[in-house]
Each structure stands twice: as C-alpha cells, then as structure tokens.
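Numbering of ligands and ligand atoms starts at 1, following listing order.
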Amino acid sequence: MKARSFKATSDGSLTPEMLEAYKEDGFLVLEDYVTAQECDGLQNRMRDLIDAFDPASVSSVFETGAQTHARDAYFRESGDKIRFFFEAEAFGEGGKLTKDKQVALNKVGHGLHDLDPVFRQFSRNSKMERTAKDLGLVEPLLAQSMYILKPPHIGGEVNCHQDSTFLHTQPLSCTGFWFALEDADATNGGLYGEPGGHKEPLRQRFHYDGDKLVMETLDETPMGGDEKHAPLVAPKGTLVILHGQVPHKSAPNRSDRSRHAYAVHMVDGKAKWSKDNWLVRSEDNPMQGF
Ligand SMILES: O=C(O)CCC(=O)C(=O)O
C-alpha cells in the first residue's frame, strides 16, 4: 500500500496530522514542498557541474583491479568536498566507461550544501528550518548532502538501511530531507520505507575503527522484507522526511526515465556527534545550521 502523503504548508510548518503520521510511520511525504522551477534550478546546476567534471581526472580511482584503496580514499575524503561517484553498470569490458557522463553517475556528494552557491541556497532557508524544528531538532545542523541521479537503465538499487547507521549521534538524531527533483515512483527506482520501522533498534553502525572503516552489527533483528515496505510515491517537488532509524531502500531504475533527487541529512547540535563517524570535517570547518 502506497504511503500517505500531505500537501506541504507554505511556511514549512507541520500540522498535528503530519506530526502524527511521522510519529507513526517514521517518514513523511510532503507534496509541493518546493516548486518545479526550484527543482529545475538544481538539475541545471548539476548538469553544469557534471559538464565541468572530467572523468579522466578520477579514472584511476574507478579502474577495476587493485584500486580499491584509491576508491576508498576518494569516498572517505568526500565529506567536505564535491565528488562524483559512478554507477557500477556504467563500465564495460576492461573497466571502460560506456555511457555519457551525464547518465553514468550514481551520486555526487557530500558537501554540496556548503560548497556550491546554488545548492547552498536551496539547502538553507527559513522554511526548511521551520520543518526541522517542528520535527524536534533543537539545533539542526546540515551534516551531508547528496545529489542522487538514478540514471535510466543502470540506476543501481539502494539496499535497505537506516540513516543513523552512517550519521550517528547520542542520542540518535539523524533526519533525512529527500527532495524529488523528478517524479519518483515504483516504475523508475523510487523510494520504499517500512512504516513504523523507526521504533525498532538501530541494527548497524558504519564507523572508523582505527584507520579502517567497519560495519558493526549492533542488533541482529532483521529489517522488514519487501512485504513490509510501502512505496513512497513522490511527484516532482515532494519532500520526503526520513527518520534516522526508519528502514528504507530504493529499487534499481530499469526504465527510460532518470530519477534525480537531492538529499540533505541533518543532525541535532544538541546531541553528541560520534567522532568515529565516517564523515570527518576539519576542526576549522564545523557543520553549520541554517
Ligand atoms: O535516493 C535513493 O535511492 C536512496 C536515498 C537514501 O537512502 C537516503 O537519502 O537516505
């Protein structure tokens, strides 16, 4: 069954019904949160960023073979940079890129909200601040951003996960703001969420152990299978809010349509940031709020 959805308020405030749905489900689908023009603005900006990106500059990173270390470092250092990550299926025999770069990327991250003026402006406004505060984030801080492309035919599956696995605080406070920049549904690799799954424990933590990144199991309870997941149907302009513990995932995109989305993950500055998180920022460049 499709998840319930609401029409967003103009100032970003959340009605009692919206808050009740979020409390029950662990996600909240708010249609028309941003305009089609705002979505187009981000898409155009990303097109330009990709135009300016030279895949040859990182080809050694993505070559198959003994390059896992380079690939790993490219990811690890991306927290306060703008880095480009390819779809696995964009490469053919011998690791050669077989697609135009505009339709070969999986995502771009993770510092767009700080480093790019267009993304910075989209990510910081009083409407989003209001929504974040209504959700209970006392001092919302923008931790990371991702532009997710889910290109036609080769857009990869995102396995079921909880976002607090990757952005851990004590107490847990990670909250995802996921914007559909194009219509997203079950036909083009749309999102799925497990209603109520946020009431269950955090299963895993992805963190540094010394200088190695590890995925630690915290709780063996399996997350709900396909039958428990509701499609989060999101027409262009929709904001999907994801509680940090709600299991969610997305299917591969085998359709002819892309499925561009922009996600900002916030944490509460009142909670204690776990220093062994994968996302590391230098001391002189702390996370900022609105
Ligand atoms: O866009 C997707 O396919 C997955 C996004 C996601 O898991 C997230 O933003 O936490």
Peer 1: Mind checking the CZ-NE2 spacing from Phe166 to His110? Nearest 0.5 Å is all I need.
Peer 2: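 Those atoms lie 9.5 Å apart.
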Peer 1: For a 4.5 angstrom cut-off between non-hydrogen side-chain atoms, does Leu167 reach Trp273?
Peer 2: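 Touching, per the 4.5 Å side-chain cut-off.
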Peer 1: Salt bridge between Glu89 and Arg254, side-chain N to carboxylate O under 4.0 Å?
Peer 2: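 The answer is yes: the pair qualifies as a salt bridge.
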Peer 1: Output yes when Asp114 and Arg120 qualify as a salt bridge under the 4.0 Å nitrogen-oxygen rule, no when they do not.
Peer 2: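 Yes, this pair counts.
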Peer 1: Give me the pairs of N or O atoms, one from ligand 1 and one from the protein, that sit under 3.5 Å apart.
Peer 2:
residue: ligand 1; atom: 1 (O); partner: Trp178; partner atom: NE1; Å: 2.9
residue: ligand 1; atom: 1 (O); partner: Arg259; partner atom: NH2; Å: 2.7
residue: ligand 1; atom: 3 (O); partner: Ser250; partner atom: OG; Å: 2.6
residue: ligand 1; atom: 3 (O); partner: Arg259; partner atom: NH1; Å: 3.1
residue: ligand 1; atom: 3 (O); partner: Arg259; partner atom: NH2; Å: 3.3
residue: ligand 1; atom: 7 (O); partner: His161; partner atom: NE2; Å: 3.0
residue: ligand 1; atom: 7 (O); partner: His248; partner atom: NE2; Å: 3.2
residue: ligand 1; atom: 10 (O); partner: Asp163; partner atom: OD1; Å: 3.0
residue: ligand 1; atom: 10 (O); partner: Asp163; partner atom: OD2; Å: 3.1
residue: ligand 1; atom: 10 (O); partner: His248; partner atom: NE2; Å: 3.0
residue: ligand 1; atom: 10 (O); partner: His265; partner atom: NE2; Å: 3.3

Peer 1: Can you run down the side-chain hydrogen bond (donor to acceptor under 3.5 Å, both in side chains) pairs that involve residues 186-195, sequence neighbours left out, and say none if there aren't any?
Peer 2: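 Qualifying pairs, neighbours excluded: Asp185-Thr187, Thr187-Arg257.
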Peer 1: Would you kindly say whether His243 and Tyr22 are connected by a side-chain donor-acceptor distance under 3.5 Å?
Peer 2: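 Judged by distance alone, the side chains do not pair up.
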